[in-house]
Amino acid sequence: MNKSIEVQIFDYLSQHLSPKRFEHSYNVAMFAVELALKNNINLLKAQIAGLLHDCAKAMAGEELVAFFKGRKTFKCFKDIVKFAPHLLHSFAGEIIVKEEFKIRDKDILNAVRYHTLGRENMSVIEKIIFVADSVSHERKWKHASRVRNLSKNDLDKAFFEVLKTKIEYVINSGNWLCPQTIDTWNWYVSNYREKDN
Ligand SMILES: [Fe+2]
Ligand SMILES: [Fe+2]
């Protein structure tokens, strides 16, 4: 009997992720399903994207760079390799989702691809995974609980809080801020500012 997609995913994650990262992925998937239900998004897609979003997270920076050798890269790739190679895990994750699980669904692929940096014109499922990744139940950062509750009522406001917190963290730690995240911020602020006020 062929294994269901869920069993294939659990097998893969249990072999490739630490127990802590596995638990995080499970929690992100569970919370993504909750947010999907509230935002009329396909629950199975949210669950699969949540489970798989960090499927490449166990790869070290050099492994990630090697993974992309000979593959088509993307805008900002060189700068990411130079300044923050760990950010490649979301791009590598999308490729693993395609190649390992033969998933072709664009909603799932983009939710995995953009879960760390975001992008302009993010879809609802992309925002769900982006937010769920930061406020899943094991997350303990200062406002995690407040933003988790906020996300249940207003995904866009929670998205704003998560994105702002991520940017503040990078700036406060004196690290390189990826231009794609700046684009995400400017897109969000220019489109949703009026709605939020
Ligand atoms: Fe991640
Ligand atoms: Fe994550």
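Indexing begins at 1, ligand by ligand and atom by atom, following the structure's order.
Within His24, the N/O/S atom positioned nearest the Fe ion (ligand 2) carries the name NE2. In Asp133, the N, O or S atom that comes nearest to the Fe ion (ligand 2) is OD1.
At least one N/O/S atom of His89, whether from backbone or side chain, sits less than 2.8 Å from the Fe ion (ligand 1). Among the backbone and side-chain atoms of Asp54, an N, O or S atom lies under 2.8 Å from the Fe ion (ligand 1). Because the distance cut-off is set at 2.8 Å, His115 fails to qualify as a neighbour of the Fe ion (ligand 2), as none of its N, O or S atoms comes that close.
Ring orientation note: the planes of Tyr188 and Tyr192 are close to parallel, at an angle under 30° on the 30°/60° scale. The aromatic rings of Phe77 and Phe74 sit perpendicular to each other, their planes meeting at more than 60°, with 30° as the lower class boundary.
The aromatic ring centres of His24 and His137 sit 6.0 Å or more apart.
Under the 6.0 Å distance and 45° angle rule, Arg21 does not count as a cation-pi partner of Tyr26.
Side chain to side chain, Ser25 and Glu23 fail the donor-acceptor criterion of an N or O pair below 3.5 Å.
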